[in-house]
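Worksheet for the structure shown next.
Chain letters run A, B, ... following the sequence lines, proteins first, then strands; residues in each count from 1.
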Amino acid sequence: MSQIDPSQIVTRFAPSPTGYLHVGGARTALFNWLLARNTGGRFLLRIEDTDIARSTEDATRQLVDDLKWLGLEWDNAELVYQSRRLDIYNKIIDGLMSRGLAYEAWETQTEMEALRKSAERARRPFLYKRTNYTADQLAQFKAEGRKSVVRFVMPVKEYSFRDVVLDKDITQPANESQDFVIRKSDGMPTYHFGVVIDDEEMGVTHVLRGLEHLKNTFNHIALQEALGYRRPTYAHLSVMLNPETGEKLSKRDRDRRIRKRVQEVMRSTKRPAPDIAAAAQMELPRFEHWLATETVQLDLTEQPKVMAVVGLTEGDLPEIMIHDFRRNGYTPEVLLNFLALQGWSAGGDDEKFTIPELIKRFTVDRINASNPKFNREKLRSFSTDFFAAASPERLLSALRDYLRVNPESSLNRGTDEQLATILRVGHGFHTLRDMDEKARFLLIPDAEIRYAPDAVAKILLKNDGEGTKALAGVRGLLASATDFTGHALEAAVKSYCEEKQLGLGKVAQPIRVAVCGTAVSPPIFECMEFIGKPSVLARIDRALTIAAAS
RNA sequence: GGCCCCAUCGUCUAGCUGGCCUAGGACACGUCCCUUUCACGGACGCGACAUGGGUUCGAAUCCCAUUGGGGUCACCA
């Protein structure tokens with residue numbers, strides 16, 4: 001083997017545009033990007049849109065947006081779309097056919113299915129065998145309007161390649177060679193074909209991809225040999241698993257979470273299905289079908305409605321797409337750091353890295369072969385630490401980004417200065433969503449404060465309205481305060497409590513409920529300063545009215 | 001089911017050219033401290049080499065088997 005000049009390393013990420021970027025795809029992209037950046041090589045992006053039915057332009061845009069958001073910039077100025085390269089593929093396929101290395105096959109998908117079924121019944125593995133059609137058959141197929149596919153004549157021999165993650169040679173015996181499809185009946189190349197041609201033409205030297213492609217590699221090698229192409233270095237990455245199911249992380253996991261919650265709610269509240277379906281504005285048969293069928297998923301309009309009915313929020317669902325993480329208030333540097341640790345480690349005890357550190361320390365030989373379970377708790381902890389250490393500028397830009405994808409948040413009303421204050425007062429949060437949920441009352445009109453019934457009951461009404469009395473008592477003090485800063489308010493309320501022989505909590509908690517609507521908030525005196533005296537008094541009056549009416 | 005891959009605390013992992021390991025770190029969890037709430041923070045603690053055989057003076061580290069988990073068997077990538 002010749003020594004590869006590291007500066008010549010070319011990697012690529014080649015997603016198929018079927019939706020937002022999946023977290024597993026993001027990790028694959030990250031590893032390829034890291035390898036290129038670590039060695040001063042190039043990282044390329046190619047769109048594998050050969051599945052016409054599933055690929056959309058929207059999806060391509062979302063994919064590109066997610067990659068940009070992550071900061072995984074690619075080095076090809078022009079994106080490569082496979083769908084625009086049909087001429088190139090067809091020319092090569094014609095060449096293969098003229099050399100007798102590829103041929104047309106006429107079996108329909110139903111016929112293929114039947115063949116597979118019978119092989120299964122006979123309990124032997126199915127391998128496609130070339131059939132010789134008579135002239136009559138061919139004429140009949142064409143008369144029927146059948147469309148042929150093109151299959152590659154895969155030489156029957158043992159194939160072997162070295163996988164640098166597994167650090168071993170992977171071999172496929174000769175009797176598993178099979179003439180696989182390289183051009184589909186719609187004229188598009190298959191993945192196997194496009195990937196081989198494009199990797200060669202783009203000069204890709206290193207292919208880091210998911211483990212699900214391990215066996216495909218033999219097909220690719222056979223094609224490379226037939227075409228006289230170079231063989232890139234292969235590295236197959238482990239599969240990230242859902243910690244609850246132990247299966248591959250899947251978009252379906254979110255749906256599963258909702259279904260589980262619906263079932264819990266139905267069991268505990270004895271609320272019947274028709275009732276929930278109606279509340280979610282869904283047809284009952286559709287709702288029941290979904291409820292009973294794992295493989296059926298709610299669509300994007302149904303999902304939020306059902307969630308609202310059973311009291312689930314965005315933050316309760318497992319994030320699967322990069323966009324989910326963005327919406328839930330994670331930053332790219334945290335996500336990337338964490339993703340790098342799913343299957344890779346720097347060795348030793350270090351695990352918190354900036355992006356430049358990641359680039360510097362990344363090597364392929366430290367990638368692990370076993371499948372990690374995706375542990376969101378730890379990601380959350382990384383996020384907490386990141387926000388605790390971030391500069392005010394980074395905090396604000398992260399929050400602005402979060403708000404762009406969460407337009408319904410009340411914090412969108414804030415000025416930069418206000419948001420900076422909120423960020424400072426509310427420090428110690430895990431994610432921006434967490435911060436948003438805790439601090440959103442700061443930027444909504446007094447009349448729109450919603451008083452949480454359990455907080456009102458526990459803090460204001462309990463013990464014969466003890467809290468309400470305390471609130472009414474301290475109102476005068478607040479109304480007459482001349483200095484409405486957090487410090488001054490705290491000092492004033494503290495001395496008030498001493499004077500009245502009350503614990504601080506006995507007074508502070510009722511104020512909190514009155515001002516925030518909940519029993520939980522950032523430090524209350526600073527919140528009061530932020531909101532200002534008129535609003536604080538208005539909110540207290542409103543709370544007193546509500547308490548009196550309860 | 002066939003073929004392939006993998007196997008250290010609940011989780012992510014360090015360690016794997018055998019002795020520095022009565023196995024290290026982080027998350028989670030538990031106790032305590034801080035505290036006007038929730039968090040944050042601090043201290044301490046709990047906790048693993050899947051099993052069975054080898055090889056060796058000596059194995060988490062090497063070999064084999066078993067078990068378990070995962071992947072794959074498309075005109076989807």
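Across every strand in view, B:A65 sits in a pair with B:U51 that passes the Watson-Crick or G-U test at under 3.5 angstrom. Pairing partner, B:G41: B:C33, with both Watson-Crick or wobble hydrogen-bond distances short of 3.5 Å. Across all strands shown, B:G19 is found opposite B:C57 as a Watson-Crick or G-U wobble partner, with both distances under 3.5 Å. Base pairing of B:U72: its partner is B:G2, meeting the Watson-Crick or G-U wobble criterion (both donor-acceptor distances under 3.5 Å). Pair assignment for B:C27 gives B:G10, based on Watson-Crick or G-U wobble hydrogen-bonding distances that are each under 3.5 Å.
Ion pairing between A:Arg146 and A:Glu111 holds under the 4.0 Å rule for side-chain N and carboxylate O. With respect to the salt-bridge test (charged N to carboxylate O, under 4.0 angstrom), the residues A:Arg61 and A:Glu57 do not qualify.
Nearest to the side chain of A:Pro372, among B:C4, B:U36, B:C12, sits B:C12. For A:Ser370, counting side-chain heavy atoms from C-beta on, the closest listed nucleotide (B:C5, B:U36, B:C6) is B:C6. In the set B:C38, B:C75, B:A77, the nucleotide with an atom closest to the side chain of A:Tyr191 is B:A77. Distances were taken from every side-chain heavy atom of A:Glu490 (C-beta onward) to each of B:C12, B:A39, B:U36; the shortest belongs to B:U36. With B:U37, B:C75, B:A14 as the choices, the nucleotide that has an atom nearest any side-chain atom of A:Ser345 turns out to be B:A14. Distances from the side chain of A:Asp51 to the nucleotides B:U72, B:A7, B:C76 place B:C76 closest. Of the candidate nucleotides B:C5, B:C75, B:A39, B:C75 has the atom nearest to the side chain of A:Gln109.
Within the 4.0 angstrom heavy-atom criterion, no nucleotide atom of any strand lies near A:Ala388. Using a 4.0 Å heavy-atom distance criterion, A:Glu176 is classed as a sugar-phosphate-only contact. Note on A:Gly503: nothing from the nucleic acid sits closer than 4.0 angstrom, heavy atoms only. A:Glu437 comes within contact range of no nucleotide atom at all, as no heavy-atom separation falls under 4.0 Å. Residue contacts for A:Glu48: at a heavy-atom cut-off of 4.0 Å it reaches the sugar-phosphate backbone alone, with no base atom in range. Here A:Pro125 lies out of heavy-atom contact (under 4.0 Å) with every strand.
A:Pro189 approaches A:Gly194 most closely through the heavy-atom pair CB-N, 4.4 Å. The two residues A:Leu411 and A:Ala439 make their nearest non-hydrogen contact at CD2-O, 4.0 Å. Considering all non-hydrogen atoms of both residues, A:Ile221 and A:Ser160 come closest at CD1-O, 4.3 Å.
A:Phe218 and A:His192 have their aromatic ring centers separated by at least 6.0 angstrom.
A 6.0 Å sphere centred on NZ of A:Lys184 holds more than 12 heavy atoms belonging to other residues, nucleotides or ligands. Other residues, nucleotides and ligands contribute over 12 non-hydrogen atoms within 6.0 Å of the NZ atom of A:Lys533.
Look at CG on A:Asn175: it is 15 Å from P on B:G2, rounded to the nearest Å. Between the C1' atom of B:A74 and the CD atom of A:Gln178 lies a distance of 10 Å, rounded to the nearest Å.
Under 4.0 angstrom from either OP1 or OP2 of B:C75 there lies at least one side-chain N or O belonging to A:Arg116. For the OP1/OP2 pair of B:A77 and a distance below 4.0 Å, the side-chain nitrogens and oxygens of A:Thr50 include at least one atom meeting the criterion. Under 4.0 angstrom from either OP1 or OP2 of B:A74 there lies no side-chain N or O belonging to A:Lys184. Residue A:Lys168 places at least one side-chain N or O under 4.0 Å from the OP1 or OP2 atom of B:C6.
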Show every donor-acceptor pair shorter than 3.5 Å between a side-chain atom in residues 338-346 of chain A and any protein atom, with sequence neighbours excluded, or say none if there are none.
| unit_1 | atom_1 | unit_2 | atom_2 | d |
| --- | --- | --- | --- | --- |
| A:Trp344 | NE1 | A:Thr363 | O | 3.4 |
| A:Ser345 | OG | A:Gly347 | N | 3.4 |
| A:Ser345 | OG | A:Arg366 | NH2 | 3.3 |

Please list every donor-acceptor pair under 3.5 Å in which a side-chain atom of residues 516-527 of chain A meets a protein atom from a residue at least two apart or in another chain.
| unit_1 | atom_1 | unit_2 | atom_2 | d |
| --- | --- | --- | --- | --- |
| A:Thr518 | OG1 | A:Val520 | O | 2.8 |
| A:Ser521 | OG | A:Arg512 | NH1 | 2.7 |

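The residue among A:Asp49 and A:Leu166 whose nearest nucleotide of RNA chain B is located toward the 5' end is A:Leu166. Each of A:Gly505 and A:Asp350 was assigned the nucleotide of RNA chain B with the nearest heavy atom; the assignment lying further toward the 5' end belongs to A:Asp350.
Taking atom C1' in both B:A50 and B:U61, one finds a spacing of 16 Å when rounded to whole Å. When the C1' atom is used for both B:A7 and B:C49, the distance is 10 Å, rounded to whole Å. Spacing between B:G2 and B:U66 at atom P, rounded to whole Å, works out to 12 Å. To the nearest whole angstrom, the two P atoms, one in B:G42 and one in B:G25, are 16 Å apart.
The ring-ring contact (aromatic ring centres under 6.0 Å, His included) test applied to A:Phe31 returns A:Phe362, not counting sequence neighbours. Applying the side-chain contact (heavy atoms from CB on, under 4.5 Å) rule to A:Asp454 yields the partners A:Ala452; only residues at least two apart in sequence or on another chain are considered. Listed by chain and number, the residues in a ring-ring contact (aromatic ring centres under 6.0 Å, His included) with A:Tyr234 are A:Phe161 (sequence neighbours excluded). By the side-chain contact (heavy atoms from CB on, under 4.5 Å) test, A:Arg46 is found to be paired with A:Arg12, A:Ala14, A:Glu48, A:Val80, A:Gln82, A:Val195, A:Asp198, A:Asp199, A:Met202, residues two or more places apart in sequence or in another chain being considered. When the side-chain contact (heavy atoms from CB on, under 4.5 Å) test is applied to A:Ala114, no partner is found at least two apart in sequence or on another chain.
At a cut-off of 3.5 angstrom, counting only N and O atoms as typed in the model, there is no donor on one side facing an acceptor on the other between the side-chain of A:Lys215 and the base of B:C4.
Listed by residue number, A:Ala519, A:Val520, A:Ser521, A:Pro522, A:Pro523, A:Ile524, A:Phe525 are the residues of residues 518-527 of chain A with a heavy-atom contact under 4.0 Å to RNA chain B. For residues 234-253 of chain A, proximity to RNA chain B is found at A:Gly246, A:Lys248, defined as any non-hydrogen atom under 4.0 angstrom from a strand atom. RNA chain B lies under 4.0 Å from at least one heavy atom of each of the following residues of residues 145-160 of chain A: A:Val149, A:Arg151.
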Which protein N or O atoms sit under 3.5 Å from an N or O of nucleotides 16-23 of chain B?
none

Between the protein and nucleotides 26-28 of chain B, which nitrogen or oxygen pairs come in under 3.5 angstrom?
| unit_1 | atom_1 | unit_2 | atom_2 | d |
| --- | --- | --- | --- | --- |
| B:A26 | O4' | A:Glu351 | OE2 | 3.2 |
| B:A26 | O2' | A:Glu351 | OE2 | 2.5 |
| B:A26 | N3 | A:Lys378 | NZ | 2.9 |
| B:C27 | O2' | A:Lys378 | N | 3.2 |

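For the atom pair A:Thr11 OG1 and A:Leu34 CG, the distance stands at 9.5 Å (nearest 0.5 Å). Between A:Leu249 atom CG and A:Glu319 atom CD the span is 10.5 Å, to the nearest 0.5 Å.
Note on ring orientation: taking the six-membered ring where Trp is involved, the planes of A:Phe429 and A:Phe387 are tilted (angle from 30° to 60°). Classification of the A:Tyr103-A:Tyr128 ring pair by plane angle, with boundaries at 30° and 60°, yields parallel.
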